[in-house]
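All remarks here apply to the structure that follows.
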Number of protein chains: 2
Amino acid sequence: MDIRTRLIDTAEQLFDRHGFTATGMDRLTHGAGISSRTLYKHVGSKNRLLAIVLDERDRRFMRSLASAVSLDDLFGALGAWFADEGARGCLFLRSWAETGGDVPEIVEAMTRHKARLRQRIEEIVEAETGRRDDELAESILLLVEGVTHAATYRGSATVDVALRAARRLVESAMV
Amino acid sequence: MDIRTRLIDTAEQLFDRHGFTATGMDRLTHGAGISSRTLYKHVGSKNRLLAIVLDERDRRFMRSLASAVSLDDLFGALGAWFADEGARGCLFLRSWAETGGDVPEIVEAMTRHKARLRQRIEEIVEAETGRRDDELAESILLLVEGVTHAATYRGSATVDVALRAARRLVESAMV
DNA sequence: CCCAATGTAAAACGATAACTTTACTCGTGC
DNA sequence: GCACGAGTAAAGTTATCGTTTTACATTGGG
C-alpha cells in the first residue's frame with residue numbers, strides 16, 4: 001500500500017476513534033510508519049489532512065450506497081457500515097463541530113458530503129415510490145441522521161427500527 | 001451570579017461553540033473572570049468541569065421538556081432550544097466522541113442523559129396515544145436525534161418536517 | 001555514473017497545554 | 001482586632017502541540 005493511502009487510512013481511524021484535536025502528529029506518523037517530514041510533504045498540514053480524510057470517507061461511504069434502490073438497501077448498507085466501522089456518530093459533523101466551523105476546507109467537505117447524502121436519499125425515495133417527494137426524502141434523511149447517532153448508544157438493533165419507521169412513512173405518503 | 005454558576009455557564013458556551021479539547025483553561029478563566037487557582041478549587045480538573053457542564057445541561061434540557069405531553073410540545077421545545085442555543089449537534093455525543101469514550105465521568109453523564117431522554121419520549125408518546133409503545137417511542141427518538149443533527153446544516157425548518165413525520169408514525173401505529 | 005527525487009531520523013522551533021505554587025489582598029465573623 | 005476563608009495575579013512546572021529544519025540514506029532513469 002502506498003504511503004499516502006496508508007497515512008489517510010491511519011488518520012481516518014485515529015480521528016474517528018480518538019477525535020481530531022486529541023490525535024497528535026506523532027500518533028499519526030507512528031501509526032502510518034512515516035516521518036513527519038514525509039507527512040507534511042504529502043498533505044501540508046493537519047487541517048488539510050482532515051479535509052482529505054473526509055473527502056476519502058465520503059467517496060467510500062457513497063460507494064457503499066451506490067447500488068441502493070430501496071429502503072431495504074439503504075438501511076442495509078447503513079447497518080453494514082456500522083458493523084464494519086463502528087458507530088461513533090457522523091465524522092463530518094463531529095469534525096465540523098470540533099473545529100468550531102472555523103476551518104473552511106472542513107466546512108466545505110462537510111457541506112459537500114451532506115448535499116450528496118441528501119441527493120442520494122432523494123434518488124432512493126424516487127426509485128422506491130416512483131415519484132419525487134421532497135418532504136418524504138427529508139424525513140428519511142432525519143431517520144438516517146438519527147440512526148447514525150442513536151446507534152452509538154442504543155446499538156445496531158436501532159437500524160431495524162429506522163427501516164420499519166421509514167417504510168411506514170413511505171406507506172403514509174403513498175395514500 | 002456566583003462564581004461556580006458563571007464558570008459552568010462560560011464553559012458550556014465555549015465547549016459547545018469551539019469544542020472541548022480546543023478550549024484552553026485560559027479562555028475558561030478569562031471568560032468567567034476568575035483566576036485559574038479558583039477554577040481548580042471549584043471543579044478540580046478540566047474533565048470534571050465538562051462532566052459538571054453536561055449534568056447541568058441535562059437538567060436544563062429536561063426542564064424545557066418538563067411539561068410536554070404531546071408531539072407538538074416535544075418538537076416545539078426542540079425548536080425553541082435550537083433558536084435559543086443554536087444547533088451544533090448533541091453536546092453529550094460530541095463530548096463522548098471527543099474524549100474517545102475514555103473518560104468515565106463523561107461516559108456516565110452521556111449515558112444518564114440519553115436514558116432520561118428516551119424515558120421522557122416514552123412518557124410523551126404514552127400521553128399522546130394513551131398506551132405504551134416501545135417501537136413507536138424508539139422511532140420518535142430517532143427523529144429527535146435526527147433533527148438535532150440535521151438542524152446544524154439544514155436549518156430550523158427541519159423541525160417541522162420532524163414533527164409531521166412523527167405525527168404520521170403515531171397515526172400509522174394507531175390503526 | 002550521477003543527479004534528482006523520495007524517503008529517513010532527530011533536533012529545534014515557538015506556542016500552548018493542563019495544572020501548581022507563591023505571595024498577597026480583602027471582607028466577615030468571633 | 002485579628003484570624004481565616006476565598007479570592008487575586010503571575011510565575012513556574014512538565015509536557016506536548018503543530019511545524020520546520022538539518023543532515024543523511026536509498027533508489028531509479030537519462
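Side chains included, hydrogens not; waters and symmetry mates left out as well; all remaining heavy atoms used.
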Test of understanding: with ring-ring contact (aromatic ring centres under 6.0 Å, His included), list the residues that count as partners of Phe75(B), not counting sequence neighbours.
none
Report the residues that fulfil side chain to side chain donor-acceptor pair (under 3.5 Å) with Glu122(A), sequence neighbours left out, ordered by chain and then residue number.
Arg118(A), Arg132(A)
Hey, can you pull the donor-acceptor pairs under 3.5 Å for the side chains in residues 39-46 of chain B, sequence neighbours left out?
residue  : atom : partner  : partner atom : Å
Ser45(B) : OG   : Arg48(B) : N            : 3.1
Lys46(B) : NZ   : Phe20(B) : O            : 3.0
Lys46(B) : NZ   : Thr23(B) : O            : 2.8

dA6(D), OP1 or OP2 - any side-chain N/O from Thr38(B) closer than 4.0 Å?
no
Roughly how many Å is it from CD1 in Ile34(A) to C1' in dT8(C), rounded to a whole number?
11 Å
For dG7(C) and His42(A) - does any side-chain N or O of the residue sit under 4.0 Å from the phosphate oxygens OP1/OP2?
yes
From CG of Leu39(A) over to C1' of dT8(C), roughly how many Å is that when rounded to an integer?
14 Å
Specify the separation, in whole Å, of atom NE2 of His30(B) and atom P of dA18(C).
13 Å
Tell me the interatomic distance from Lys41(A), atom NZ, to dA9(C), atom P, rounded to whole angstroms.
16 Å
What's the CG-C1' distance between Leu7(B) and dG7(D), to the nearest Å?
14 Å
Global bending angle along the helix from dG14(C)-dC17(D) to dC30(C)-dG1(D), which compares the axes of five pairs at either end, to 10 degrees:
20°
Can you pull out every salt bridge (Lys or Arg N to Asp or Glu O under 4.0 Å) where at least one residue sits in residues 54-68 of chain A? Sequence neighbours excluded, please.
Glu12(A)-Arg57(A), Glu12(A)-Arg60(A), Asp55(A)-Arg112(A), Glu56(A)-Arg59(A), Asp58(A)-Arg116(A), Arg60(A)-Glu85(A)
Sequence neighbours excluded - salt bridge (Lys or Arg N to Asp or Glu O under 4.0 Å) pairs with any residue from residues 20-31 of chain A
none
Do NZ/NE/NH1/NH2 and the carboxylate oxygens of Arg164(B) and Glu138(A) come within less than 4.0 Å?
no
His113(A): partners by ring-ring contact (aromatic ring centres under 6.0 Å, His included), with sequence neighbours left out
Phe61(A), Phe92(A)
What's the CG-C1' distance between Asp2(B) and dG5(D), to the nearest Å?
16 Å
Listed partners of Thr5(A) passing side chain to side chain donor-acceptor pair (under 3.5 Å), at least two apart:
Asp2(A)
Keeping Arg6(B) on the side-chain end and Ala32(B) on the backbone end, is there a donor-acceptor pair under 3.5 Å?
yes
Enumerate all atom pairs, one protein N or O and one N or O from nucleotides 14-22 of chain D, separated by less than 3.5 Å.
residue : atom : partner  : partner atom : Å
dG18(D) : OP1  : Thr23(A) : O            : 3.4
dG18(D) : OP1  : Lys46(A) : NZ           : 2.4
dG18(D) : OP2  : Met25(A) : N            : 2.8
dT19(D) : OP2  : Tyr40(A) : OH           : 2.8
dT19(D) : OP2  : Lys46(A) : N            : 2.9
dT19(D) : O5'  : Tyr40(A) : OH           : 3.3
dT20(D) : O4   : Ser36(A) : OG           : 3.0
dT22(D) : O4   : Arg37(A) : NE           : 2.9

Can you pull out every ring-ring contact (aromatic ring centres under 6.0 Å, His included) where at least one residue sits in residues 149-175 of chain A? Sequence neighbours excluded, please.
His149(A)-His149(B)
Restricting to pairs with a member in residues 166-175 of chain A, which pass salt bridge (Lys or Arg N to Asp or Glu O under 4.0 Å), not counting sequence neighbours?
Asp72(A)-Arg167(A)
So if I take residues 91-105 of chain B and measure heavy-atom distances to DNA chain D, which residues fall below 4.0 Å?
none
